[in-house]
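Both backbone and side-chain heavy atoms feed into the values below; hydrogens, waters and symmetry mates do not. So you know, we letter chains A, B, ... as the sequences are listed, proteins then strands, and number each from 1.
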Protein chains: 2
Amino acid sequence: MGRPPSAKPTSFDIAYLAGVSQPTVSRALRGSKSVSAATRANIERIARELNYTVDKNASSLRSQRTHTLALLFFEDPTPDQSMINPFFLSMLGSITRQCALRGYDLLISFQQMHNDWHVAYQDSHRSDGIILLGYGDYQTYRAKLEHLVDMDTKFVRWGSVSDDSIGLTVGSDNIGAGVQAGEHLVAIGRRAIAFLGDASDHAPEFQDRYTGLCRALAAAGLTADPALQRDAVSSEESGYAAAQALLAGGTSFDAIFAASDLIAIGAMRALTEAGLRLPHDVAIIGFDDIPAASLTSPTLTTVMQDLKGAGELLVDALLARIDGAPVERSVLPTRLIKRQSTAV
Amino acid sequence: MGRPPSAKPTSFDIAYLAGVSQPTVSRALRGSKSVSAATRANIERIARELNYTVDKNASSLRSQRTHTLALLFFEDPTPDQSMINPFFLSMLGSITRQCALRGYDLLISFQQMHNDWHVAYQDSHRSDGIILLGYGDYQTYRAKLEHLVDMDTKFVRWGSVSDDSIGLTVGSDNIGAGVQAGEHLVAIGRRAIAFLGDASDHAPEFQDRYTGLCRALAAAGLTADPALQRDAVSSEESGYAAAQALLAGGTSFDAIFAASDLIAIGAMRALTEAGLRLPHDVAIIGFDDIPAASLTSPTLTTVMQDLKGAGELLVDALLARIDGAPVERSVLPTRLIKRQSTAV
DNA sequence: CACCATAGGGTATACGTATACGCATATTAT
DNA sequence: ATAATATGCGTATACGTATACCCTATGGTG
């Protein structure tokens with residue numbers, strides 16, 4: 001039953017010193033109730049003294065559970081540059097923290113949307129499940145998601161939570177956020193409110209935000225002018241271009257709701273260059289509350305998402321899914337951060 | 001020798017179908033030269049057809065190599081909030097990319113400086129090596145690094161590259177960067193240049209930047225006034241406080257070199273509130289070129305570090321260290337980005 | 001007092017791969 | 001022609017853990 005201690009301690013070494021068999025060590029350390037309190041205490045003491053840690057590979061191989069989650073970021077617009085949407089980077093913190101709390105490791109990878117990431121982590125037994133983060137063309141995305149569902153891969157994604165969303169989705173209450181933004185702009189007396197952001201089903205989250213805006217306008221007896229909606233992806237350049245197109249459009253407006261802070265920041269630059277005063281001539285609201293939002297001039301009113309809650313919810317939902325537990329779809333409330341760009 | 005194909009394909013399944021033994025499959029897929037070209041081609045074809053992927057756990061267990069690196073972020077000043085220094089977050093992109101390129105997975109974890117991270121990944125065989133990223137009190141840090149060295153843990157860290165630095169260190173040429181900043185400020189006619197950032201050996205990188213500044217001043221026949229150096233850690237609040245202290249100090253100055261952009265941004269706020277005009281009254285240079293640096297008013301002149309190169313160098317150096325190859329210490333050149341805050 | 005449940009822990013083995021060896025056959029040198 | 005290599009692959013086994021199964025000593029139950 002025994003063999004003397006060797007270089008890197010194994011469960012056999014512990015067993016030898018404790019005068020028990022290796023399986024008993026395994027049981028004791030894993031918390032099985034079929035080992036006496038005294039034996040367990042003794043084993044734990046020895047393990048601590050030897051600085052023993054369970055070999056992750058052997059454990060995973062045998063149990064077929066890795067206790068590791070994989071986080072896949074993807075972005076299409078950045079071919080080489082390492083720019084990731086700051087919003088998702090911020091979420092990284094809470095995700096890692098939640099993983100740690102649950103005793104899971106986090107494997108991370110950046111992917112181009114067009115890559116075969118949907119099959120990469122498929123099954124090399126690296127992780128028990130996948131967290132998907134990123135904006136992108138939803139139609140392309142959708143096909144890959146369906147593939148994941150077909151393969152019965154455990155995953156959760158951040159996005160628009162609607163009835164037809166594929167797989168397990170967690171997201172902010174984008175419609176509610178749109179309503180918040182719209183109500184605030186109406187409250188400060190604005191009537192012609194533009195929306196910058198793709199409102200098609202290629203970008204369901206943006207679409208939801210626009211829907212919310214329209215709903216708020218309707219509630220105030222106003223209607224959203226389609227001429228005041230301009231497509232934009234989440235980048236400063238795109239926001240700049242969209243705002244210019246809006247100005248060139250001829251339809252006057254006194255407020256902008258941008259689907260993301262990056263879009264808003266680009267738009268502010270275009271408006272300022274056009275000689276407009278913010279927020280006097282045009283009030284503006286962004287989305288995400290990235291760090292830069294409080295550094296613009298004027299500082300940017302924006303919708304803050306619950307990052308901490310998001311990370312926790314993503315991880316918990318995925319773990320529930322892995323355990324086969326029922327997991328109800330849920331949305332997170334947002335908060336409007338009022339700054340100078342809407343201060344009348 | 002054979003056994004029929006089962007659920008999730010293993011090397012035995014491939015072997016069965018190819019009419020060879022399991023070890024031959026392993027050899028073929030790992031590129032051993034002791035397997036004929038024909039056999040290898042056949043095995044690879046079958047593997048592709050079955051969508052076979054090597055089981056990472058079994059492979060790691062047997063070979064004692066995980067082909068995974070662990071990235072440890074740590075920050076002390078943020079007890080709960082998920083704020084990471086934006087600079088390090090940006091580096092994340094190039095690190096993951098380089099890992100992918102080298103065929104390594106990346107495990108990520110955020111740690112509080114005071115935690116026992118130096119022993120956590122010690123040896124649970126999760127990763128082959130560790131990348132350490134983060135500022136922090138160097139004296140605390142140093143003790144843990146020494147522990148890692150004692151344990152013969154393979155690691156690389158980002159920091160000040162000096163002769164007495166512990167373990168394998170990769171970093172920017174901070175002294176050279178300080179010289180660049182100093183020369184630029186002198187070139188635009190500034191003579192009384194303040195430095196915001198801890199210049200003690202608790203923060204060797206900041207110390208190096210200050211050393212560079214002093215060197216540039218000396219070269220111009222000027223001397224650095226110790227009264228114009230104020231300690232600050234890398235945060236906006238700290239920069240704000242340091243600038244206020246500087247103003248209260250009574251010694252006049254016409255330029256500031258801040259040890260980080262966050263410090264610079266905080267300082268700009270303090271200066272503006274004090275009624276000073278930037279850059280007319282005080283020119284200012286930051287460090288890191290975080291996204292926010294181009295959004296401040298005036299936009300911030302700063303020192304850009306080579307993030308892409310940094311990520312590549314960190315990974316490559318660590319892999320060389322793991323392979324037991326000799327690895328020479330090396331520093332990365334920096335680039336001064338001139339913006340409005342030093343535009344006379 | 002025979003009977004069975006339970007606690008506590010040992011025995012044997014599987015997880016899927018990589019590698020040390022050995023053994024043919026084919027190739028070259030002498 | 002025979003000994004010395006080399007090539008290509010099979011055999012056996014180890015990596016370190018978790019779990020199914022079995023066994024023994026109790027203690028309670030009728």
Quick one: [X] [atom1] to [N] [atom2], roughly how many Å, whole number?
X      : N      : atom1 : atom2 : result
B:R126 : D:dG16 : CZ    : P     : 16 Å
B:Y16  : D:dC9  : OH    : C1'   : 20 Å
A:D55  : C:dT17 : CG    : P     : 17 Å
B:H125 : D:dC15 : NE2   : P     : 12 Å
A:Q22  : C:dA14 : CD    : C1'   : 13 Å
A:N57  : C:dT17 : CG    : P     : 13 Å
A:K56  : D:dT17 : NZ    : P     : 13 Å
B:L61  : D:dA18 : CG    : P     : 12 Å

Expected output is a numbered-order residue list: members of residues 23-45 of chain A with a heavy atom under 4.0 Å from any atom of DNA chain D. What is it?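 Contacting residues: A:P23, A:S26, A:R27, A:R30.
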Output yes when a side-chain donor or acceptor of B:S60 lies under 3.5 Å from a complementary backbone atom of B:N57, and no otherwise.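 It does not hold such a pair.
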May I have the step-by-step check of side-chain contact (heavy atoms from CB on, under 4.5 Å) for B:L132 and B:L148, ending in yes or no? CA-CA 11 Å; B:L132 296 171; B:L148 286 185; 4.0 Å; yes
Report yes if at least one side-chain N or O of B:S11 is closer than 4.0 Å to OP1 or OP2 of C:dG16; otherwise report no.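 No, because none of the side-chain N or O atoms of B:S11 sits under 4.0 Å from OP1 or OP2 of C:dG16.
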If only side-chain N and O atoms of B:S21 are considered, is one of them under 4.0 Å from the OP1 or OP2 phosphate oxygen of D:dC9?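 For D:dC9, neither OP1 nor OP2 has a side-chain N or O of B:S21 closer than 4.0 Å.
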CG of B:L50 to CZ of B:R45: how many Å apart, nearest 0.5 Å?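 Rounded to the nearest 0.5 Å, the CG-CZ separation comes out at 9.5 Å.
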Could you please name the option among D:dT17, C:dT17, C:dG10 that lies closest to any side-chain atom of B:F12?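 That would be C:dT17.
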What nucleotide among C:dA18, D:dG10, D:dT17 has an atom nearest to a side-chain atom of B:R62?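 Looking only at side-chain atoms, B:R62 lies closest to C:dA18.
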If we ignore angles and hydrogens, is there a donor and acceptor under 3.5 Å between the side chains of B:T68 and B:K56?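 Side chains of B:T68 and B:K56: pair found under 3.5 Å.
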